[in-house]
Structure formats: C-alpha cells, structure tokens
Amino acid sequence: MLDLKVIREHPEVVRQAVRAKQMPSALGTLNQVLLLDEEHRLLRSDLEANQAQRNASSKRIGDLKRRGEAAGDLIREMGALSDEVKRLEEKSRSLDAQLQSALLELPNIPHESVPYGASEHDNRVMFERGEKPAFDFEAKPHWELAAAHGWIDLAAGVKTTGAGFPVFKGGGARLLRGLIQYCLNALVDAGYTEVAVPLMVNAESATATGHLPDKEGQMYEVTDGFYLIPTSELILTGMHKGDILDAAALPLKYTAASACLRREAGSYGAHVRGINRTHQFDKVEMVQFTHPDESYAAMEAMTGLSESLLDALELPYRRLLMCTGDIGFTQAKKYDLEVWSAGQERWLEVSSVSNITDFQARRLGTRFREGGAQGRGKPELVHTLNGSAFGMARVIAAILENYQDAEGGVRVPVVLRPYVGRERLE
RNA sequence: GGAGGGUUGGCCGAGCGGUUGAAGGCGGCAGUCUUGAAAACUGCAGUAGGGGAGACCCUACCGGGGGUUCGAAUCCCUCACCCUCCGCCA
C-alpha cells in the first residue's frame, strides 16, 4: 500500500508508476482514490467539529447533574447533534472503506534504476557467469533422466493429486533434501535466522503482503478462510505485523524452507514440462526487515548470497534487472537469477530478489525506532525485502541436466555430496 | 466438538455510565543531590489523523466490529484471540 499523503501530494508520480507497470486500469483507481480522499477529508473536519461540540456539551451536562441542576434543555438539544454525528460517522466509515480498498489496488512505485519496459522482453541481462557444460553426447532434458531412474515420478503425482504435483523418489528425493539442507545451512551461516513456517495464511496477512486481493487467482483458497502459502514470504514478512522493532536489531534476516503452492492457472506447453513449473515446489526463502536507508544495499547482498550458492553448485547463471513492466505489484525493484539448463538449452528462473520498500510495511504496520516498542521517538516504517535461494525444482532440473554423464547417470555437485551421501546418482 | 474464565498504556494492574487518555506500581528518559554510582526526590513521557508561524488546539483509539445513551473503558450484541476443564487425536 502506498502512502496516501504521497498520492495526494504527488499524484503524477503515482500515475507514471502505474503506466510504467503496465497497469492502465489502475489509473481509474488513482482518480477514485483522489476523489474519495478529498471527500473524506472534508467530511472528517465537519464530523470532528460536531464531535467536539458533543463532547463539550456532554461535559456540561455532567457538571449540571452533579450540582443537581436541570439539564433537560441541553439534553434535548444534544439529541439532534448526536444524530448528526452518527450520520457523519457512518458516512465516514463507508468512505474510508472504499478508500482503503481502492488503495490496495495501487502498485508500488518502481525505483529510478529500474528500466522502463512493457514486458519480459525488456528485462536487462546484467551479466552471465559460469561455463555452460559441453557434452560429447546428446544431453537429455531432466524429465527423461528423472523418468529413466524413477527420481521424479510425475505419473504418481497425477494419480494421488493431479498434474503439477511431482513425486520425488530415491535419488531425486535425496537430492532435493540435500539441496534444501545445503541452502538453509549456508543462509544460517550468513546470519539468517531459520524459521519453520505454517503452510496456510489468513486473509489479513495475505492482504498485508499484497497477495490479496488476488486477481490472478494465484493462491489456493481452502476452508475456514485460509489460503495455502504460495511462498513462505507471507509468513516471514507477516510475522512482524504491528510490531515496533528495535532500530539496533535491524536488519532482521529470516530464512525458511517450505512447500509453496500455486495455482498457476492457464499455464501449458513445453515450458511447463517436467518440473519446470509445478503447483507445488519447495523453496528456501530469505526475508529481511531493514532500515529504509539500507534496503538497496541489502538487496545487493541478498542477490550476491544467492549467486554465491550457484557459484558453489557450479551452475552457470545470469542476473536480470527486471523492467517496470515485469516487476510485481508490490516491488520497487527486482533481480531474477536464471540458471542454464543444458538439456533444454534454456535459462530457468530459480531466484528472484525484490525490494518492497515500505509498501508491505505500511499495511503490516511494521515499524522501528530506537529502543523498540518501549523506546522514544517517532516509529518509522521499515523496508521489507524477499528473495529466494532457489525454487528447488528448477535447480534440480538444472543439476540433472548439467551434471549428466554419457552413461545416463548424474554426478552430484561437490558441495552437495555430504548432504546427499553419494557422488553420483544412477 | 462441549463447559467456563479472560483481553486496559513498554510491562504489571485499578477503573461507580459524566473533568479517565485513563489511578497506582515497575521499567524508560531528563534533572537535583553525589568525586562517580546507588538510593532518595522532582519533572517528562502513548499511537494515529487534522489545524496553527508558534505556544498550543481539535478528533479518534482501553482485543476487532456494531448497538443502547445527551454522554461508554464501564451496559448489550457479535467476531477474533488467549487460558482452564472434558472429549477426540498425531
């Protein structure tokens, strides 16, 4: 959610942001916000004047009664005033509700370093690192390798659940577990606090993080008002809803491994084959709460950390600076990391690091000050960031494809061997 | 699932429907005293919105939302959460 004050004072900035993010429908929302805000403010000053008079008269009635004097006239007078206050309060509530819901539909403002672009084609490749493997045999895509060895059983997933719910078995399951463990340990070593999260969120948290209102129908909605988490970000970020953090404790850094559940409505075709895109996948996520002045530096550090893991896994990758048209609703700036997948000969997005600035924090009410909740001074909104140290499925796809050998087996990346317990999967 | 009890400021804890934004205590900050510290004493301290050049002033907020009333932290309804007991269960 944006700062209403900023919208009011610099509507042109918001207008430009909405255009850059390719959200023309939000232009109408912006105008609506401006109108509702104007109306609401006028109403409030009227309301408050009436309330002030009501309070003063009530006080006088109290005085008169205490002294045993008659207050009948004043009480009769108050009836009308009180009705008016009630009417204005109701109006104000309704306007505020409309304003709040309109406000939820305005996207975050992109950072000045984000290139303008209409679609994913305008993203910029910042650099490419690592050697693409060269084979003297025909490299297979991961789904063939996995099927041949039973590492990933798509059919079993279809039987028990449905398409897009892969079952990992044997070496595949070991590789998955090893990779998760490796990433978590590395992040804990880098100063992140490990968290084990609930797999469902309530609507309030999902709204605060900007995942609701859910126009794309990305989240699975289940009974009792819960949603299955599309990423542990919702929990890691939502944890500090309403908190006033201690400035000295910033940045707070959290990491969690969790299953992620996404509807991915409308996806089809070759690019979703195998485990390129699934409804359920495991992801190790990082979240930071930072001082506003530190968030862009933190973003670089988070991205660098993810990259160092890819370096260690010896996977070739590249970093993309996402353009205005391809960064998400909540995001001010975003980098994607893509790993080269030798069997498919294409880049797979495995990580995405975003600075949300104060967009979530405002809705969450997550602030900081010297001394924390009991401290002094004005609480100020923190900045939140999130990034993945990988969607596991795609990294596994890339490992299978890049590390395959002529015999149809797959070498295990050196750093994973202690976790997987073997040097080669066959 | 059933039956009770609870939710007040950073924390603990008062609070008859009328000067209660809220006693008291703890903790915090500043000062007096002290060579320094402690103790003691004095003072300052919530959040959000609005007005004013400023001193200040107004409004809302006692778990959330509604209601009763001239007036609600106090009465009523409702929802959420927490605790205790029973049942079920990994």
Side-chain angles (χ1 to χ4, degrees), chain A residues 1-9 33-34 36-104 196-208 212 222-227 235 238-250 252 259 358 360-382:
Chain A
M1 187 167 65
L2 292 173
D3 186 355
L4 187 54
K5 211 179 278 179
V6 168
I7 298 174
R8 184 154 62 223
E9 286 164 14
V33 164
L34 292 170
L36 285 168
D37 177 46
E38 179 68 22
E39 195 180 345
H40 190 230
R41 281 150 56 82
L42 283 172
L43 186 83
R44 275 213 68 86
S45 71
D46 195 10
L47 170 62
E48 286 180 11
N50 279 290
Q51 283 173 323
Q53 205 195 323
R54 183 189 65 180
N55 291 345
S57 297
S58 288
K59 200 173 274 187
R60 214 171 318 132
I61 291 171
D63 285 340
L64 290 174
K65 291 221 160 181
R66 210 167 306 104
R67 275 186 264 128
E69 296 174 26
D73 288 351
L74 198 48
I75 288 177
R76 261 189 300 286
E77 226 173 86
M78 283 285 279
L81 180 62
S82 193
D83 286 346
E84 177 67 0
V85 166
K86 221 163 277 180
R87 189 184 69 80
L88 291 172
E89 277 175 342
E90 199 175 323
K91 189 87 188 293
S92 168
R93 266 200 298 276
S94 132
L95 277 176
D96 190 53
Q98 289 176 61
L99 184 59
Q100 291 304 320
S101 80
L103 228 36
L104 288 180
V197 300
L199 295 179
M200 303 201 288
V201 269
N202 55 37
E204 201 187 339
S205 286
T207 305
L212 282 178
V222 292
T223 52
D224 298 319
F226 293 126
Y227 296 82
I235 306 295
M239 285 197 300
H240 286 301
K241 179 161 55 185
D243 288 351
I244 298 179
L245 306 171
D246 184 351
L250 298 180
L252 294 179
D358 60 11
Q360 286 173 331
R362 180 167 297 106
R363 183 78 196 164
L364 283 163
T366 304
R367 294 168 297 170
F368 73 95
R369 67 153 56 130
E370 296 303 327
Q374 64 276 30
R376 304 168 64 85
K378 267 235 176 291
E380 210 183 321
L381 293 171
V382 297

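Throughout, a chain's letter reflects where its sequence line sits, starting with A, and its residues are numbered from 1.
- Residue-environment remark: CD (A:Glu90) stays at or below the threshold of 12 foreign heavy atoms within 6.0 Å.
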Would you sort out whether A:Arg41 and A:Arg8 count as a side chain to side chain contact (heavy atoms under 4.5 Å, CB included), showing the intermediate values?
-> CA-CA 11 Å; A:Arg41 281 150 56 82; A:Arg8 184 154 62 223; 3.3 Å; yes

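- In terms of heavy atoms, A:Ile244 sits closest to A:Pro379 at CD1-CG, 4.1 Å.
- Between B:G71 and A:Ser82, a contact under 4.0 Å exists linking OP1 or OP2 to a side-chain N or O.
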Listed pairs, N/O of protein and of nucleotides 49-53 of chain B, under 3.5 Å:
unit_1: B:G49; atom_1: N2; unit_2: A:Glu48; atom_2: OE1; d: 3.2
unit_1: B:G50; atom_1: OP1; unit_2: A:Arg8; atom_2: NH2; d: 3.2

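- Scanning both residues, A:Val382 and A:Arg367, for their nearest heavy atoms gives CG1-C, 4.0 Å.
- When all heavy atoms of A:Leu99 and A:Val33 are compared, the closest pair comes out as CD1-O, 3.6 Å.
- With RNA chain B read from its 5' end, the first of the two nearest nucleotides for A:Gly62 and A:Ala49 is the one closest to A:Gly62.
- Taking 4.0 Å as the cut-off between side-chain N and carboxylate O, A:Asp63 and A:Arg60 do not count as a salt-bridged pair.
- Rounded to the nearest Å, the gap between the P atom of B:G10 and that of B:U47 is 8 Å.
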Polar atoms only, N or O, under 3.5 Å: list the protein pairs with nucleotides 61-68 of chain B and their distances.
unit_1: B:G66; atom_1: OP1; unit_2: A:Arg93; atom_2: NE; d: 2.7
unit_1: B:G66; atom_1: OP1; unit_2: A:Arg93; atom_2: NH1; d: 3.3

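- Nucleotide B:G10 holds its P atom 7 Å from the CD1 atom of A:Ile244, rounded to whole Å.
- Stems are defined here as 3 or more consecutive Watson-Crick or G-U wobble pairs with pairing distances under 3.5 Å; those involving RNA chain B are B:1-7 with B:80-86, B:10-12 with B:24-26, B:28-32 with B:40-44, B:46-51 with B:56-61, B:63-67 with B:75-79.
- The heavy-atom pair separating A:Leu364 from A:Ala208 by the smallest distance is CD2-CB, 3.5 Å.
- For the C1' atoms, the distance from B:G21 to B:U8 is 11 Å, rounded to whole Å.
- With rounding to whole Å, A:Leu64 atom CG is found 20 Å from B:G17 atom P.
- Atoms CG (A:Leu81) and P (B:U59) sit 12 Å apart, rounded to a whole Å.
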For A:Asn55 and A:Ser58, what are the C-alpha separation, side-chain angles and deciding distance, and is it a side chain to side chain donor-acceptor pair (under 3.5 Å)?
-> CA-CA 5 Å; A:Asn55 291 345; A:Ser58 288; 5.5 Å; no

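- One P atom belongs to B:G17, the other to B:C12, and the distance between them is 26 Å to the nearest Å.
- Residues A:Thr207 and A:Arg363 are in side-chain contact: their nearest non-hydrogen atoms beyond the backbone lie under 4.5 Å apart.
- Atom name C1', nucleotides B:A73 and B:C16: the rounded distance is 13 Å, in whole Å.
- Closest to the side chain of A:Asp63, out of B:G46, B:U19, B:A60, is B:U19.
- Heavy atoms of A:Arg367 sit under 4.0 angstrom from primed sugar atoms or phosphate atoms, though from no base atom.
- Spacing of C1' atoms, B:U42 relative to B:U78, comes out at 48 Å, to the nearest Å.
- Remark: C1' of B:A48 and NE2 of A:His40 are 13 Å apart, rounded to the nearest angstrom.
- B:C62 and B:G15 are spaced 10 Å apart, taking the C1' atom of each and rounding to whole Å.
- Between A:Gln53 atom CD and B:G71 atom P there is a gap of 13 Å when expressed in whole angstrom units.
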Test side chain to side chain contact (heavy atoms under 4.5 Å, CB included) on A:Ile7 and A:Leu103 and set out the steps.
-> CA-CA 10 Å; A:Ile7 298 174; A:Leu103 228 36; 3.6 Å; yes

Applying side chain to side chain donor-acceptor pair (under 3.5 Å), run through A:Ser205 and A:Lys241 and close with a yes or a no.
-> CA-CA 8 Å; A:Ser205 286; A:Lys241 179 161 55 185; 3.2 Å; yes

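- Annotation: side chain to side chain donor-acceptor pair (under 3.5 Å) contacts of A:Ser92 (sequence neighbours excluded): A:His40.
- Comparing the C1' positions of B:A38 and B:A53 gives an interatomic distance of 46 Å, to the nearest angstrom.
- Contact annotation: the side chain of A:Met239 never approaches that of A:Thr366 to less than 4.5 Å [non-hydrogen atoms, C-beta and beyond].
- Remark: P of B:C70 and CZ of A:Arg60 are 17 Å apart, rounded to the nearest angstrom.
- If you take atom P in B:G51 and the same atom in B:G13, they sit 40 Å apart, rounded to whole Å.
- Taking atom NZ of residue A:Lys241 and atom C1' of nucleotide B:A80, one finds them 12 Å apart after rounding to whole Å.
- Heavy atoms from other residues, nucleotides or ligands lying under 6.0 Å from CD of A:Glu204 number 12 at most.
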Pairs: protein N or O with nucleotides 72-74 of chain B N or O, under 3.5 Å:
none

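- Taking the side-chain contact (heavy atoms from CB on, under 4.5 Å) definition, one finds that A:Asp358 meets it with A:Arg362, A:Leu381, A:His383, sequence neighbours left out.
- Straight-line distance from the CG atom of A:Asn55 to the P atom of B:U69: 18 Å, rounded to whole Å.
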